[in-house]
Amino acid sequence: MAPSVPRTRAAAALRMKQIALDNQGRTIRRLRAQLATERRGLTTMKKELEDIQVALEASHKIIAGLTEIGLSMSKKIEKMKVKKQLAKANHVECHQKFQARIHEAEDSMQAQHLIIEALVDEKDSLLQTIQGLQETNNAPAPFDDDWEEEPEEEPEEEEIEDIPLGEGEIDDE
């Protein structure tokens, strides 16, 4: 029995090594299957990541385009604001010039009215002086029969209304 014991031990050890190798083989196959599954999952994730990257790039391009449009519109709005301010300033300036002309015309009319009143007063004074001289000289009054003094007419002043700022149209030609 002595020679068979070592053989049995050797066979048992060999059998244990065979079982261990079989276990390792199964483990390797299982790990290879898991690796293949993980690779397929990674491939799918990589494809999804690429799709997301493409979508993200497209989104960035759209955002850049919209930003450019927004900036362009902002510039146009600023230009329009400047034009509006210039037009308003021009309108105010024209309105002020027009009001100044109106006031000049009113002042001129008042001055002319004062001159006319002064001339009428001077005429009355001259007529009184002439009549006084004629009475002192006992001369007949040349204007007694035919002279009819016309009633003083107040010149009608045309009232020119101040045009409120912002109303009416001013045509700069």
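In what follows, every heavy atom counts, from backbone to side chain, and hydrogens, waters and symmetry copies are set aside. Along the sequence shown, the residues carry numbers beginning at 1.
Panel note: side chain Thr136, backbone Gly132; a donor-acceptor pair is recorded below 3.5 Å. Between the side chain of Thr43 and the backbone N or O of Arg39, at least one donor-acceptor pair lies under 3.5 Å. A distance-only check finds no donor-acceptor pair linking the side chain of Ser108 to the backbone of Glu104 [under 3.5 Å]. Using modelled atom types, one side-chain atom of Thr67 and one backbone atom of Ile63 make a donor-acceptor pair closer than 3.5 Å.
Atom CG of Leu114 and atom CG of Leu119 lie 11.0 Å apart (nearest 0.5 Å). The distance from atom CG of Leu35 to atom CZ of Arg32, rounded to the nearest 0.5 Å, is 9.5 Å. Rounded to the nearest 0.5 angstrom, Leu127 CG and Glu122 CD are separated by 11.0 Å. In this structure, Glu78 CD and Lys83 NZ are separated by 13.0 Å, a value rounded to the nearest 0.5 Å. The CZ atom of Arg101 sits 8.5 Å away from atom SG of Cys94, with the distance rounded to the nearest 0.5 Å. Put simply, CD on Glu93 and CD on Gln96 are 7.5 Å apart, with the number rounded to the nearest 0.5 Å.
With contacts defined as side-chain heavy-atom distances shorter than 4.5 Å, the pair Asn137/Gln134 does not qualify. The side-chain heavy atoms of Gln18 and Leu14, taken from C-beta on, include no pair separated by under 4.5 Å. By the 4.5 Å heavy-atom criterion applied to side chains, Leu86 and Val82 are counted as neighbours.
Between Lys61 and Glu57 there is no salt bridge, since no side-chain nitrogen of the basic residue lies less than 4.0 Å from a carboxylate oxygen of the acidic one. Asp22 has no carboxylate O lying under 4.0 Å from a charged side-chain N of Arg26, or vice versa, which leaves the two without a salt bridge.
More than 12 heavy atoms of other residues, nucleotides or ligands sit less than 6.0 Å from atom CZ of Arg30.
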